[in-house]
Amino acid sequence: MAVVGIGQTHHAAARRDVSLPGLVREAARRALDDAELTWADVDAVVIGKAPDFFEGVMMPELYLADALGAAGKPVLRVHTAGSVGGSTALVATSLVAARVQRTVLALAFEKQSESNAMWGLSLPVPFQQPLLAGAGGFFAPHVRAYIRRTGAPADIGVLVAHKDRRNALRNPYAHLHEHGLTLAQVRSSPMLWDPIRYSETCPSSDGACALVLTDRAGAARSPRPPAWVHGGAMRSEPTLFAGKDFVSPRAGRDCAAEVYRQAGITDPRREIDTAELYVPFSWYEPMWLENLGFAAEGEGWRLTASGATALGGELPVNPSGGVLSTNPIGASGLIRFAEAALQVRGEAGAHQVEGAAKALGHAYGGGAQFFSMWLVGSRPPTG
């Protein structure tokens, strides 16, 4: 199966020019136009978003059905916290792979300007200390644990943030375009959750992303090069349990291993040309590099520090600017998958990785408990 259509909105802090149905339709229409298909060509729609209480709209899939041309067609809703965008693509992929549907529209979205995700993520939980101030309050201790475990220098997060924000300048759809941003400015930005600084954290964005997935026959009719799905997997684990490794969750390792098995990857660092990793806080780049097998345990920060993950490096990570530059939560994972597909189609524009033939899309969510990943290639899988 393959991706034959990709569409994104222009992401921003507030898209007040469109309603929520208008926002999702913008991405969907761009994906259909990219595939040169119409609404009538879509057999089913799969929708993903973050928790309903963010925007206070329960079961939005019901009132968005008309905007997505889904009247009379199957509509599925996916929810796996922040990884939901990636999970949405994988559910759509499974419908095609199982020959339940031939052509499926996958779409994910978030309108953070009409929600309150910060405090939505700070709900009181019985018998637990409050997280305080959103996701950063939860993940900062895990970053500190990584630093203690590996002896990483204090400025690794600064290097990642500076790299990704500079990459975003090449991406016209990215939310943040910080021209002239310097390492010194990132380093001197306010501390939010020690050791995570203001410039090392993701923004709050409005946006949507859509993909058109189809079978081999549909891919053969595609007017543009398809992005072929070589492997995809989802894994999960509890938020809290005795012995959980918050620095390198087992669910992430297992998910990556399954994707590599399906795709025939034995050396990800050498065989994968670029990776779009879900990095909402800059320190998660080296952490995920280890979790996904691109670097040995304790060595992820060295890969980052060497410049290997820069756009012209050995393994470019987040050439689009990543979640650090664009974060409509429900769509962020699907954007990672879409950007991976753009790379192997050779259509990523100014942030194209030269010669990219295999790309990884990665998403995680919840308390680092839900993982979804896929690997796409410029050629069909041989198996």
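Between the side chain of R345 and the backbone N or O of R224 there is no donor-acceptor pair closer than 3.5 Å. E276 places a side-chain N or O within 3.5 Å of a backbone atom of S320 that can act as its donor or acceptor partner. One N or O on the side chain of E110 and one on the backbone of A50 form a donor-acceptor pair closer than 3.5 Å. Side-chain atoms of D206 come within 3.5 Å of backbone atoms of S113 as a donor-acceptor pair (strictly under, hydrogens ignored). When atom types are taken as modelled, the side chain of R197 and the backbone of R187 share a donor-acceptor pair closer than 3.5 angstrom. Side-chain atoms of D155 never come within 3.5 Å of backbone atoms of V158 as a donor-acceptor pair (strictly under, hydrogens ignored). Remark: the backbone N or O of T182 is paired with a side-chain donor or acceptor of Q185 at under 3.5 angstrom. T80 contributes no side-chain N or O that, together with a main-chain N or O of F370, makes up a donor-acceptor pair within less than 3.5 Å. Using a distance-only test at 3.5 Å, with no hydrogens or angles considered, a donor-acceptor pair links the side chain of R253 to the main chain of S248. At least one donor-acceptor pair closer than 3.5 Å links the side chain of H162 to the backbone N or O of L181.
At a threshold of 4.0 Å, the pair E114-K111 counts as salt-bridged, since one of the basic side-chain nitrogens sits closer than that to a carboxylate oxygen.
Under a hydrophobic clustering in which Ile, Leu, Val, Met, Phe, Trp and Tyr are joined whenever their side-chain heavy atoms come within less than 4.5 Å, directly or via other members, L315 and I265 fall into the same cluster. Cluster annotation: V160 and L311 are assigned to distinct hydrophobic clusters (Ile/Leu/Val/Met/Phe/Trp/Tyr, side-chain heavy-atom contacts under 4.5 Å, transitive). Both V323 and M287 sit in one connected hydrophobic cluster of ILVMFWY residues. Membership requires side-chain heavy atoms under 4.5 Å apart, directly or through other members.
You'll find the side chain of K163 reaches within 4.5 Å of the side chain of E285, heavy atoms only. The closest side-chain heavy-atom distance from T88 to L107 is not below 4.5 Å. In this structure the side chain of L334 reaches within 4.5 angstrom of the side chain of L211, judged on heavy atoms. Side chains of D215 and R99 form no contact here, defined as non-hydrogen atoms less than 4.5 Å apart.
Heavy atoms of other residues, nucleotides or ligands lying less than 6.0 angstrom from CZ of R166 number 12 at most. The neighbour count for Y63 OH, taken as heavy atoms of other residues, nucleotides or ligands under 6.0 Å away, is above 12. Remark: E271 CD is packed, more than 12 non-hydrogen atoms of other residues, nucleotides or ligands lying under 6.0 Å away.
Of all heavy-atom pairs between H11 and P328, the closest is ND1-CG, 4.0 Å.
Q343 and E339 share no donor-acceptor pair across their side chains, judged by distance under 3.5 Å alone. No side-chain N or O of S236 forms a donor-acceptor pair with one of Q369 less than 3.5 Å apart.
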Next on the checklist: Could you go through D41 and T38, starting from their C-alpha distance and side-chain angles, then the distance that decides it, and tell me whether this counts as side chain to side chain donor-acceptor pair (under 3.5 Å)?
Outcome noted: CA-CA 5 Å; D41 297 310; T38 69; 3.2 Å; yes
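For Y278 and H362, the gap between ring centers reaches or exceeds 6.0 Å.
With I47 as the fixed residue, the side-chain contact (heavy atoms from CB on, under 4.5 Å) test singles out one of L105, V75, V78, V91: V75.
Legend: residues meeting ring pair (Phe, Tyr, Trp, His ring centres under 6.0 Å) with Y284, ordered by chain and number and at least two apart, are F139, W288, Y364.
Ring geometry for H142 versus F246: interplanar angle under 30°, hence parallel rather than tilted (30 to 60°).
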